[in-house]
Amino acid sequence: MDSVLDALNARGFIAQETDSEGGREYLRSPAACYIGFDPTADSLHVGSLVPILSLVHMQRHGHRPIVLLGGGTGLVGDPSGKTEMRKMLSIEQIQCNARALQKQLSKFLDFSDGKALFLNNADWLVGLPYIDFLRDIGCHFSVNRMLTAESYKLRLETGLSFIEFNYMLLQAYDFLHLSESNNCFLQMGGNDQWGNIVAGIELIRRKTGKSAYGVTFPLMTTASGAKMGKSAAGAVWLDAEKTSPFDFYQYWVNSDDLDVARFLSMYTFLPLEEVEAVKGLEGQDLNVCKSVLAFEVTSLVHGQEQALAAYEAACSVFGRREIDPMLLRSSAIPRAGRDRAEAVPTTAIDATRLEVGVPVVDLLVETGLCASRSAARRLIQQGGAYAGEKRISDLDASIGAGDLHEGGLILKAGKKKIHRICV
RNA sequence: GGAGAGGUUCCCAAGUGGCCAAAGGGAGCAGACUGUAAAUCUGCCGGCGAUGCCUUCGGAGGUUCGAAUCCUCCCCUCUCCA
């Protein structure tokens, strides 16, 4: 059987490997691998999907993924790829975030019977005695060498504090620790983690003489160069409370043409042969593929139920287009079905207010479609406000109970930002 | 600790007493064109009960009819020196 590394490579997951041959040898039999997630927020976002899914691939190939929560390293802060120091988070905040991330990550992997593992580096980092650590670990690091690391270079221009400078040592120590405690000799991570991963490999070699391996993922950007997971409303979170499944679905539907095939291979588990067929498509045919992409990713993150609802809601708002049964045929996306508007993010409006009539400007703000009343006015003046299919041109227009159909009404700000109100 | 440079609206960056809610660029938003894409063109882009009013130019005071612009003190960042 092909190595999981070949599979990952074919799907575009691999940016760099420290030792391609050695890594493959290591993975010939079931082995452990780990990725660290620092709890800097109470939810992961689209940017973490690549590492997460790589672990899923690992598990599917019979290996044992270790999810390392950075309860300890999060207290320090990774300067890699950052232009300035991140705000320091309190210990309580970190712990709270770590719990939230654990809950989120547990949906993707099977943690039963030790098939995958959750560990928290706070368990071994927080209590480290400073002097001992310097003597045992610190002595193996050359500052001269560290300063040449790409991850520090950027910061050398703008400023790098000592606490952040230590991050590399802590991550290297994590790897050493995991190699000894869990027989884990493979670390993966974003390409910005290269320096930290290599530092760990070298530390393991110096301390124990053993070989360890590293794999990094490409830094994901969209075809237009934007970072993954940024939308008009901010980051696209994996938490349904922070980004509704419908908005999450929409994020993927709005992918750039040039990204569709790449995203299908990285963010879904559809067979590569099927994804290959997408590459020749253009125009409306390609557009349909975006629905499949969105459906599949939403399924992975929020479950098929939610994905279905989002898909049908999108159909009801934007219209349905036939999906060729042979196109990406492994996808469970419905090839025929009913439209349902309910999955559009909805805000309930008090019935008594609707009796009198609620100004559209107010509704636009209350639903979050506009940031301020001024913005709402501007939107109306520019002709971007819709109630149902009707464009609203009057600044003083208001919505009454009679405007609702079957208890709801779709409000649109522009063509794509959509919110539903109901009684 | 010393010397110098600097902190402007989401980001970069002009502005050095009234013409400044503050140039320009980027990002973003809307409209047109489309395919819920890209590119392009046009408009918008602090807030509000809106031909006016309020809040903003690191912070706190002060000078002045009037300050982002002048003065004082403080905070923060960078560079060089110790």
Side-chain angles (χ1 to χ4, degrees), chain A residues 79 82-88 153-162 164 221-236 244 246-264 278-295 297-298 310-324 327 333 339 341 343-345 359-362 364-365 367-386 389 391-393 395-396 398 410-419:
Chain A
K82 313 272 186 315
T83 47
E84 54 192 53
M85 186 166 168
R86 190 188 284 276
K87 198 170 135 280
M88 277 227 251
K153 264 191 192 149
L154 185 65
R155 294 296 298 277
L156 251 22
E157 287 161 24
T158 60
L160 175 69
S161 73
F162 186 66
E164 295 176 287
T221 53
T222 65
S224 45
K227 258 195 208 144
M228 279 304 283
K230 282 293 173 95
S231 78
V236 180
S244 74
F246 178 76
D247 289 334
F248 185 84
Y249 174 94
Q250 284 297 317
Y251 171 76
W252 294 98
V253 173
N254 285 309
S255 295
D256 192 298
D257 280 11
L258 299 170
D259 288 327
V260 179
R262 186 165 57 107
F263 287 179
L264 278 168
V278 166
K279 287 183 179 159
L281 300 179
E282 54 184 26
Q284 305 204 353
D285 298 327
L286 184 58
N287 215 30
V288 165
C289 300
K290 294 181 186 177
S291 306
V292 179
L293 168 68
F295 176 82
V297 187
T298 308
Y311 169 67
E312 289 177 348
C315 284
S316 83
V317 177
F318 296 108
R320 176 184 293 278
R321 208 170 281 121
E322 278 295 305
I323 302 176
D324 184 336
L327 181 66
I333 195 169
D339 298 352
V344 175
V360 173
V361 174
D362 291 344
L364 287 169
V365 176
T367 54
L369 288 172
C370 293
S372 68
R373 294 165 55 78
S374 294
R377 280 158 197 272
R378 250 177 258 131
L379 184 74
I380 293 172
Q381 280 167 350
Q382 293 177 138
Y386 292 83
E389 293 307 310
R391 174 180 280 180
I392 295 163
S393 48
L395 278 177
D396 299 317
S398 55
I410 300 272
L411 290 180
K412 288 198 238 180
K415 294 285 190 307
K416 288 187 285 187
K417 274 186 294 179
I418 293 159
H419 203 98

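Chain A is the first sequence line, chain B the second, and so forth, proteins listed ahead of strands; every chain is numbered from 1.
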Is the distance from OP1 or OP2 of B:rG31 to the nearest side-chain N or O of A:Lys415 less than 4.0 Å?
yes
Rounded to the nearest angstrom, tell me the gap between atom NZ in A:Lys416 and atom P in B:rU34.
16 Å
Between C1' on B:rA37 and CG on A:Leu264, what's the gap in Å once rounded to a whole number?
14 Å
Calculate the interatomic distance between A:Leu160 atom CG and B:rU79 atom C1'; express it in whole Å.
16 Å
Ignoring hydrogens and geometry, is there a side-chain-to-backbone donor-acceptor pair from A:Lys279 to A:Ala261 under 3.5 Å?
no
Hey, mind stepping through A:Ile410 and A:Ile418 against side-chain contact (heavy atoms from CB on, under 4.5 Å) and telling me if it holds?
CA-CA 7 Å; A:Ile410 300 272; A:Ile418 293 159; 3.7 Å; yes
Base-pairing mate for B:rG1 - Watson-Crick or G-U, with both contacts under 3.5 Å:
B:rC81
Nearest-Å distance once atom C1' is located in both B:rU34 and B:rG18:
49 Å
Drop me the distance from A:Ile323's CD1 to A:Phe295's CZ, to the nearest 0.5 angstrom.
9.0 Å
Paired to B:rA39 by Watson-Crick or G-U wobble criteria (both distances under 3.5 Å) is none
At under 4.0 Å between heavy atoms, what does A:Ala314 touch on the DNA or RNA strands: base, sugar-phosphate, or nothing?
base
As an exercise, state the distance from CG of A:Asp257 to CG of A:Leu286, rounded to the nearest 0.5 Å.
4.5 Å
Nearest heavy-atom approach of A:Asn287 to A:Arg321 is ND2-NH1, 3.3 Å
For B:rC10, the Watson-Crick or wobble counterpart (both distances under 3.5 Å)
B:rG26
CG on A:Leu293 to OG1 on A:Thr298, rounded to 0.5 Å:
8.5 Å
Report yes if at least one side-chain N or O of A:Ser372 is closer than 4.0 Å to OP1 or OP2 of B:rG47; otherwise report no.
yes
Answer yes or no: does a side-chain N or O of A:Gln382 lie under 4.0 Å from OP1 or OP2 of B:rA30?
no
Can you tell me how far C1' in B:rC12 sits from the matching atom in B:rA27, rounded to whole Å?
10 Å
Between P of B:rU34 and CG of A:Asn287, the distance in whole Å:
15 Å
Mate of B:rU72 where both pairing distances stay under 3.5 Å, Watson-Crick or G-U:
B:rA60
Please report the distance separating the C1' of B:rC54 from the corresponding atom of B:rG49, rounded so that it comes out in whole Å.
13 Å
Without decimals, in angstroms, what is the distance between A:Ile380 CD1 and B:rC44 C1'?
14 Å
Using atom C1' in both nucleotides, what's the gap between B:rC57 and B:rA68 to the nearest angstrom?
5 Å
First of A:Ala413 and A:Gly283 reached from the 5' end of RNA chain B, by closest nucleotide:
A:Ala413
What distance, rounded to whole Å, do you find between the two C1' atoms, one in B:rU56 and one in B:rC20?
12 Å
Using atom CG of A:Asp257 as one end and atom P of B:rU34 as the other, report the distance to the nearest whole Å.
16 Å
Counting only side-chain N and O atoms of A:Arg378, is one of them less than 4.0 Å from OP1 or OP2 of B:rG31?
no
Distance between the C1' atoms of B:rU55 and B:rG46, in whole angstroms?
8 Å
How far does the P atom of B:rG47 sit from the matching atom of B:rU9, given to the nearest Å?
15 Å
5'-most contact on RNA chain B (nearest-nucleotide basis), A:Gly414 vs A:Ser291, goes to A:Gly414
Base, sugar-phosphate alone, or nothing: which one does A:Gln250 contact when heavy atoms must sit under 4.0 Å apart?
base
Assign A:Asn254 to base, sugar-phosphate, or nothing according to its heavy-atom contacts below 4.0 angstrom with the strands shown.
base
Kindly indicate, with the supporting measurements, whether the criterion side-chain contact (heavy atoms from CB on, under 4.5 Å) is fulfilled by A:Lys415 and A:Phe318.
CA-CA 9 Å; A:Lys415 294 285 190 307; A:Phe318 296 108; 5.6 Å; no
Integer-rounded Å distance: B:rG35 P and A:Leu258 CG:
18 Å
Whom does B:rU34 pair with, Watson-Crick or G-U wobble, provided both distances fall under 3.5 Å?
none
Is A:Arg373 near enough to B:rA50 that one of its side-chain N or O atoms lies under 4.0 angstrom from OP1 or OP2?
no
Provide the Watson-Crick or G-U wobble partner of B:rC53, both distances under 3.5 Å; none if there is no partner.
B:rG47
In whole angstrom, give me the gap between the P atoms of B:rG31 and B:rG24.
24 Å
A:Phe246 CZ to B:rU36 P, in whole Å, measures 13 Å
A:Ser374 has a side chain; which of B:rC48, B:rA38, B:rG31 sits nearest to it?
B:rC48
